[in-house]
Amino acid sequence: MQRPAVMGVVNVTPDSFSDGGVHVDPDAAAAAARLMIEDGAAIVDIGGESTRPGSEGVSLEEELRRVIPVLERLEGLPVSIDTAKSEVARRALELGVELVNDVTALRGDPELAGVIANGGAYLCLMHMQGEPRTMQADPRYDDVASEVAAFLEERLAFAVSAGIPEKRVCLDPGIGFGKTPAQNFELVRRLDVLLALGRPVLIGLSRKSSLGKLFDPEARTGTLPASLGAAVAAYERGASIFRVHDVREHVEALTAAGAIA
Ligand code: HH2
């Protein structure tokens, strides 16, 4: 079993579903990212656009205004950029960012694949059914695990054909992106179907509403203990990268799980 790697989340947004408004000041965002690295994060994911259910997206100018000052303050540290925009990625890579986390899996901006290939960056390809504005309306699958795997296999082939080496790509089933709680849990339960593609799997369960809904049908976020339990369950099924808001707690939980594994 691979050692678990934790990706800390810093959303430089007013409206992210769980940390919206917390890190809008660039000094505060950079300080939060540094603390996550001290707490054991392998990388910190900086995002300037919320993709929560119902969100509309932001302009290029606004996204740059949010993330560039933070990236400037983090030069030399392990950072990824959560963006679907090639210009944001290009500027981020110039500032030393190592990984592009694209929730559209290279279906959004046609220039993005070239920017990643030329910059020699790592890439996370994520599955999403529909788009954030409407994706939770009525998600449907015949077989969620095999449909998500087929999508990611096709997107991986596309990335490789665009010049991004396969060994630089990780795959993510996109927990909460056009999926019911039952579909999210089935994806984790059947992670072997994704692992068969031969790439590391990243999972973002942290604070997601599927976890909260186990206890309260109206919940919009999940609790920390539920996030930790779900991360360990995903680790035991082969996930190796964990995108989380509470870094120290996940590092401890996953280190314990890793010691037993
Ligand atoms: N989840 C969110 C955003 N980006 N990227 C990947 N690869 N996987 C995920 O599961 C994922 C992601 C949503 O969480 P968050 O960033 O906390 O919220 P928001 O999109 O509202 O900013």
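Just so you know, ligand 1 is whichever comes first in the structure, and atom 1 is the first atom listed for that ligand.
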Just to be sure I read this right, does ligand 1 sit under 4.0 Å from the backbone of Arg207, its side chain, both, or neither, counting only heavy atoms?
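The answer is neither; Arg207 stays 4.0 Å or more away.
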Can you confirm if the aromatic rings of His127 and Phe151 lie within a centre distance of less than 6.0 Å?
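That pair passes the under 6.0 Å test.
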Is the closest basic N to carboxylate O distance between Glu131 and Arg133 below 4.0 Å?
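Salt bridge present between Glu131 and Arg133.
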Ligand 1-proximal atoms of Cys124, by part, heavy-atom distance under 4.0 Å:
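Side chain only.
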Measuring from atom 10 (O) of ligand 1, which candidate in Met126, Lys208, Met7, Met128 has the nearest non-hydrogen atom?
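Nearest heavy atom to atom 10 (O) of ligand 1 lies in Lys208.
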Which segment of Val103 sits under 4.0 Å of ligand 1 when only heavy atoms are counted
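For Val103, only side-chain atoms sit under 4.0 Å from ligand 1.
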Please classify the Arg52 to ligand 1 contact at 4.0 Å (heavy-atom distances, strictly less than): side chain, backbone, both or neither.
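For Arg52, backbone and side-chain atoms both sit under 4.0 Å from ligand 1.
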Could you identify the single nearest non-hydrogen protein atom to atom 21 (O) of ligand 1 and state the distance to 0.1 Å?
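Nearest neighbour among protein heavy atoms for atom 21 (O) of ligand 1, to 0.1 Å: Ser50 OG, 2.7 Å.
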Distance-only N or O hit between ligand 1 and Asn101, under 3.5 Å:
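Asn101 vs ligand 1: N/O contact under 3.5 Å present.
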Out of curiosity, does Val247 fall in the hydrophobic cluster containing Ile43 (side-chain heavy atoms, cut-off under 4.5 Å, transitive links)?
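No, Ile43 does not connect to Val247 through the hydrophobic network.
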Starting from atom 6 (C) of ligand 1, find the nearest protein heavy-atom neighbour and note its residue, name and distance.
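Scanning the protein heavy atoms, the shortest distance from atom 6 (C) of ligand 1 goes to Asp172 OD2, 3.1 Å.
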Check each atom of ligand 1 against the heavy atoms of Asn11 and keep those under 4.0 Å away; list them by number with element.
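Atoms satisfying the 4.0 Å criterion: 15 (P), 16 (O), 17 (O), 18 (O), 22 (O).
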Heteroatom distance test (Phe177, ligand 1): nitrogen or oxygen, under 3.5 angstrom
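The answer is no, given that Phe177 and ligand 1 share no N or O pair closer than 3.5 Å.
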So if I apply the side-chain contact (heavy atoms from CB on, under 4.5 Å) rule between Met7 and each of Leu202, Val244, Val44, which one comes out positive?
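Filter result, single survivor: Leu202.
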Against heavy atoms of Thr51, which atoms of ligand 1 measure under 4.0 Å?
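Listed by number with element, the hits are 3 (C), 19 (P), 20 (O), 21 (O).
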Could you check whether Asp102 and Thr104, counting side-chain N and O atoms only, form a donor-acceptor pair closer than 3.5 Å?
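A pair is found: one side chain offers a donor N or O, the other an acceptor, under 3.5 Å apart.
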Considering only NZ, NE, NH1 and NH2 on the basic side and carboxylate oxygens on the acidic side, decide whether Asp82 and Arg243 come within less than 4.0 Å.
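Judged by the 4.0 Å cut-off on N to carboxylate O distance, Asp82 and Arg243 do form a salt bridge.
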To check your reading of the model: name the closest protein heavy atom to atom 22 (O) of ligand 1, its residue, and the distance in Å.
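Here the nearest protein heavy atom works out to Ser16 OG, 2.4 Å.
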N or O pair under 3.5 Å between Ser18 and ligand 1
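Among all N and O atoms of Ser18, none is under 3.5 Å from an N or O of ligand 1.
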Pick whichever of His127, His245, Arg243 has a heavy atom sitting closest to atom 17 (O) of ligand 1.
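Looking at heavy atoms only, His245 sits closest to atom 17 (O) of ligand 1.
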What I'd like to find out is whether the side chain of Gln129 reaches to under 4.5 Å of the side chain of Lys179, using heavy atoms alone.
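A side-chain contact under 4.5 Å is absent here.
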salt_bridge(Glu94, Arg90) N-O dist < 4.0 Å
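Salt bridge between Glu94 and Arg90, a charged N being under 4.0 Å from a carboxylate O: yes.
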Considering non-hydrogen atoms only, spot the tightest contact between Ser210 and Pro181 and give its length.
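Between these two residues, the closest heavy atoms are OG-CA, 3.3 Å.
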Residue-level breakdown please: for Asp82 versus ligand 1, do any non-hydrogen atoms fall below 4.0 Å on the side chain, on the backbone, on both, or on neither?
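Answer for Asp82: side chain.
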Inter- and intrachain pairs under side chain to side chain donor-acceptor pair (under 3.5 Å), touching residues 25-43, at least two apart:
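Of all non-adjacent pairs touching residues 25-43, those that pass side chain to side chain donor-acceptor pair (under 3.5 Å) are Asp27-Arg73, Asp39-Arg248.
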Closest protein heavy atom (residue, atom, distance) for atom 14 (O) of ligand 1
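Result: Phe17 CE2, 3.2 Å.
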